[in-house]
Amino acid sequence: MPTTKKLLLVDGNSVAFRAFFAMHSALDSFINRDGLHTNATFAFKRMLDNILEQVDPTNVLVAFDAGKVTFRTKKFEEYKGTRAKMPGELAEQLPFLHKLLDAYGIKWYELKNYEADDIIGTMAQEGAKAGMAVTVLSGDRDLTQLASDQITVQVTLKGVTELEAYTPAHFQEKLGITPKQLIDVKALMGDNSDNYPGVTKVGEKTALKLIQEYGSVENLYAHVADMKKSKMKENLINDKDMAFLSKDLATIRTDAPITLGLADTVYPGPDNQALLALYQELDFNSFIKDLAPQEDDDAPVQKDLPVTALTAANLPQALAGDAPKTFMIEMLGDNYHTEPVIAVGLGTPDQWYVATQDAILREPALQTWLADAQKVKYVFDAKRNYVAAHRFGATINGIDFDMLLVSYLLNTVDNSNDLGSVAAQHGYTGVETDAAVYGTGKKRQVPDDQAVFIQHIAHKLACVYNLQPQLVKDLQAHEQYTLYTDLERPLAIVLANMEIAGIKVLPDTLKAMGVSLKERLQDLENQIYTEAGHEFNINSTKQLGTVLFDEMKLPPIKKTKTGYSTSVAVLEKLQDESPIIQMILSYRQLAKIQSTYVEGLLSQIHPDGKIHTRYIQTLTQTGRLSSQDPNLQNIPMHQDEGKQIRKAFVPSHPGWQIFDSDYSQVELRVLAHVSGDRNMQEAFKENRDIHANTAMKIFHLTDPSQVTDNMRRQAKATNFGIVYGISDYGLSQNIGIPREQAKAFIDAYFEQYPQVKDWTEQIVKTAREQGYVETIMHRRRYLPDINAKNRNLRQFAERTAMNTPIQGSAADIIKVAMINMAQALKDQHLQATMLLQVHDELLFEAPREEIPILEKLVPSIMDSAVKLAVPLKVDSSFGDTWYDVK
DNA sequence: CGTATCACG
DNA sequence: ACGTACGTGATACGA
């Protein structure tokens, strides 16, 4: 039987766009020696390899758009009229993409007056007719209308290699229509990015419904007269011409006058000499290595690095010299407080040393070297190595380069604990991921082949060493070098010491709460069963939904994608309908306290009676910390029931106290600073109640005495809304007022704080132009969706553009304070210990006699962390437990 | 392993 | 018209 021929068709322009933006954050590091940007070419190559491997085609064609003028613009002048010009950094790469395809032996093609879509549509039809299995690769969904039994359309998702396969079945499942009907849907809803309107007031939802009902635009109009009178019917009738024109524009041609046939698309495979020349021109060194002839197919792709077993005997030799060395302590799991050490490695590219026993960490020679600040170390995750070393009595000084931390500062996205994937983000492909070597989940283990294991450690060490120059250069290009050296790098050590210190938690206090909660939960459970008439799992939203909305016939206020919503907001609206609602609310509240806080925290107390959380310094997109295993940044506070948990958090020595300081309204102060708003700055300079001040402004009051509690509450929500990147709908939902009124609040707000309004507009504009926003300390967040054609994505990016500089600058400020605080405690020889950070709050334990010192010292360090145009304000308190700190 | 819910700033 | 507040982590279900 002859093998089926496989045809791969690639939408060159849209895949190039995706490639460009997938590696947009690496734009600065992907420049060849001639100053040419190469990020899109690099990512395009990887996308191409990925799809070639997946499809293994016999024939390939890449189609490009020939220009702006096409038969569609002749039919409708505004077609794609609002489309932004291709960025220059991408346009300059197009000739190299063409060269790359030539070297791959892949035919590429463009046709005057037609779009790439039409070339693909025509060729796909021909291929299918010839009995070929056709795969289309594109970055947008327009082409999915071609999907059929023989044609699969792969659409790129995020990143370089993730794809979504559109088949007729997938269409049915996802949208409830056939691929062809997508054209009809677009005829009605129009296409914003292609700039044709469809029918007035008809969006995706409505269009889908209409097509599911009528099947096609033609049939819809055949029956439009029978529809019952409505605004929509009127719009449909008025816009009939536009609907049919839109349908025509949306239809991908399958009869474009292309001048090549299937025979021209035969894929012979790459020309390695041509590829080598191109890679040299583009400085794609990692790809050049891949081209090197392999002696036999079974040989490892990575050539072996020079490794010696690290022993007590050869430590002096291994540690000789003052040149920088990479160092690592390897563990299989995340939690470095407890995880066994499986290897210790160090060295330089001349010679790597790897020990597979943890005992080496107790060697005095190694401990001396680790403690010596003059011995320069490169690591991946300083805090992880520091804490692990501490378990063996070692202290690490002299950490110069932390690849993980630097990578996070360069681009906050996806800095996992996996060195291999972080390396890949920076174009370094010479190292495997841990998942590939150790496996994942239950099967995670040290490889059976010891040589494979040791080479993996060596390759990781080498990777850190090799990436150092490039990443430090990138930091400098981003003006982030001092953010790294003066803020994040020292902070890692401060955090390590907080984690090591841990906080004492009294198990008996938690257990007593657990006993009482258990009884109360049992009572509530029985009452709920009585009301419901039978037993069920209250924790199952599905079963609860059935009881409330099917059996008891309560009105379902909201739906989720899987069924009825039973969230607090919904239940509160049902309060008066049945006594069961209050019982469920109470049950939920207590069950949360029991499972997450009583049982959860109990299971995390170490043998030393303390909880040692991990602060994740390289995760959030704004620069905040996060806290894991357990999360000590979300211990209950707002309701007294849950707040009791805090009584279990106590000082670790008798006669000591818990001391706490927090910033007052730090985010709004940051907003007053960055916006330069005179009215808001004045309020803070005069130490006024900012929410009451806002209330006076938006309610047009003349005297503070006129501000009611409710006005202040609404003003407070509005202040928050501004920080989050306001929308009238969001505000209206939050405080339960009509949308119109929320809009009036916002308008009044912007009128009273005009420079805040200017700033929100300015920051969005800046984000659009440069693709990222920054905090006061140059922390950077990329916003690739800021120019997205998808409205939701774009608006989300716009809100983020407003929120991140505020939340992120506040994070910068407390981080500076933490570093200064750790230094001050050391300088003044205080026993007080910094234990926790909760975003705008620092928590300490200290001997009672040091409390008066802290009451002066902590606020003075915190409010002088940075100099803003408004003062920072800090409130402090102390007590026997965390609960008593209020 | 994704979803819903709810704890924090 | 469209669908929306920003940033996190832990737990319980249920496929």
Side-chain angles (χ1 to χ4, degrees), chain A residues 189-190 192 197-207 231-232 235 412 441 537-545 558 560-571 585 588-589 591-597 599-601 603-604 613-616 619-639 641-643 645-646 662-663 665-667 717-718 720-735 739 742 746 781 790-796 798-808 810-811 814 836-841:
Chain A
M189 69 181 272
N192 251 335
V199 176
T200 310
K201 307 260 186 197
V202 173
E204 185 179 356
K205 287 267 156 69
T206 317
K231 192 78 200 161
M232 184 176 79
N235 288 329
T412 53
N537 187 344
I538 308 166
N539 291 320
S540 162
T541 47
K542 199 174 161 213
Q543 293 181 35
L544 182 60
K558 214 175 106 191
T560 65
K561 66 174 80 167
T562 53
Y564 303 115
S565 170
T566 64
S567 66
V568 171
V570 169
L571 294 183
L585 285 169
R588 281 251 179 95
Q589 198 197 348
K592 173 88 179 178
I593 297 168
Q594 180 79 308
S595 66
T596 303
Y597 297 106
E599 290 165 3
L601 290 177
S603 73
Q604 298 272 7
T613 186
R614 280 177 299 131
Y615 287 106
I616 310 299
L619 184 141
T620 70
Q621 301 306 299
T622 56
R624 275 190 174 183
L625 301 174
S626 84
S627 159
Q628 293 178 356
D629 293 323
N631 183 357
L632 293 185
Q633 292 182 319
N634 72 346
I635 303 300
M637 173 68 177
H638 300 308
Q639 281 151 332
E641 203 75 68
K643 198 172 174 182
I645 292 286
R646 294 182 174 224
D662 69 293
Y663 283 112
Q665 272 115 28
V666 63
E667 292 191 345
T718 310
F720 272 107
I722 297 291
V723 169
Y724 293 156
I726 197 105
S727 79
D728 51 9
Y729 180 85
L731 182 62
S732 75
Q733 287 294 301
N734 190 281
I735 49 181
R739 190 182 173 140
I746 296 167
R781 179 177 187 176
N790 179 317
R791 181 192 194 87
N792 285 338
L793 290 179
R794 192 175 64 247
Q795 290 187 337
F796 182 52
E798 287 168 1
R799 292 196 295 273
T800 311
M802 301 179 222
N803 176 261
T804 295
I806 301 173
Q807 192 184 112
I814 195 167
L836 300 179
Q837 188 251 43
V838 193
H839 308 308
D840 63 357
E841 171 187 6

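We name chains A, B, ... by the order of the sequence lines, and we start the count at 1 in each one. Both backbone and side-chain heavy atoms feed into the values below; hydrogens, waters and symmetry mates do not. The structure presented is a predicted model; accordingly, all values stated were derived computationally and were not measured.
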For [X] and [Y], indicate whether the former's side chain and the latter's backbone hold a donor-acceptor pair under 3.5 Å.
| X | Y | value |
| --- | --- | --- |
| A/T613 | A/P630 | yes |
| A/Q543 | A/I538 | no |
| A/Q837 | A/H839 | yes |
| A/S603 | A/G600 | yes |

So what does [X] touch, heavy atoms closer than 4.0 Å: a base, only the sugar-phosphate, or nothing?
| X | value |
| --- | --- |
| A/T206 | sugar-phosphate |
| A/R739 | base |
| A/N537 | sugar-phosphate |
| A/N734 | base |
| A/Q621 | sugar-phosphate |
| A/I616 | nothing |
| A/Q543 | sugar-phosphate |
| A/G721 | base |

Presence of [X] side-chain N/O under 4.0 Å of [N] phosphate oxygens OP1/OP2:
| X | N | value |
| --- | --- | --- |
| A/T622 | C/dT8 | no |
| A/S727 | C/dA5 | no |
| A/R614 | C/dG9 | no |
| A/K205 | C/dG3 | yes |

Just compare C/dA5, C/dA1, C/dC6 and give me whichever is closest to any side-chain atom of A/R791.
C/dA1

State which of C/dG7, C/dC13, C/dT8 makes the closest approach to the side chain of A/S626.
C/dT8

Whole Å only: how far is the [atom1] atom of [X] from the [atom2] atom of [N]?
| X | N | atom1 | atom2 | answer |
| --- | --- | --- | --- | --- |
| A/Q733 | C/dA5 | CD | C1' | 10 Å |
| A/Q628 | C/dA10 | CD | P | 5 Å |
| A/K558 | C/dG3 | NZ | P | 14 Å |
| A/Y729 | C/dT4 | OH | P | 8 Å |
| A/E798 | C/dG3 | CD | P | 17 Å |
| A/E599 | C/dT11 | CD | P | 9 Å |
| A/R794 | C/dC2 | CZ | P | 16 Å |
| A/N539 | C/dG14 | CG | P | 9 Å |

Find which nucleotide of DNA chain C each of A/L625 and A/F720 is nearest to by heavy atoms, and output the residue with the more 5' nucleotide.
A/F720

By nearest heavy atom, map A/G725 and A/S603 onto DNA chain C; which one lands nearer the 5' end?
A/G725

How does protein reach along nucleotides 3-9 of chain B, written 5' to 3' as B (base within reach of a heavy atom under 4.0 Å), S (only sugar-phosphate), or - (no contact)?
SSSBBSB

Runs of at least three Watson-Crick or G-U pairs with DNA chain C, cut-off 3.5 Å
B:1-9 with C:6-14

Testing the 3.5 Å rule here: is there a donor-acceptor pair between the side chains of A/R781 and A/T412?
no

Decide, yes or no, whether a salt bridge links A/R624 with A/E667 under the criterion of side-chain N to carboxylate O below 4.0 Å.
yes

Looking only at atom C1', what distance separates C/dG3 and B/dC8, rounded to whole Å?
26 Å

For atom P, what is the distance between C/dT4 and B/dA4, given to the nearest Å?
13 Å

Please report the closest heavy-atom contact between A/L731 and A/I746, naming both atoms and the distance.
CD2-CG1, 4.0 Å

By side-chain hydrogen bond (donor to acceptor under 3.5 Å, both in side chains) - contacts of [X] (at least two apart):
| X | result |
| --- | --- |
| A/T622 | A/Q807 |
| A/R799 | none |
| A/Y564 | A/D550 |

Do A/R799 and C/dC6 have a side chain to base donor-acceptor pair shorter than 3.5 Å?
no

A/L585 meets the side-chain contact (heavy atoms from CB on, under 4.5 Å) criterion, sequence neighbours left out, with A/V568, A/L571, A/E572, A/Q575, A/I581, A/Q582

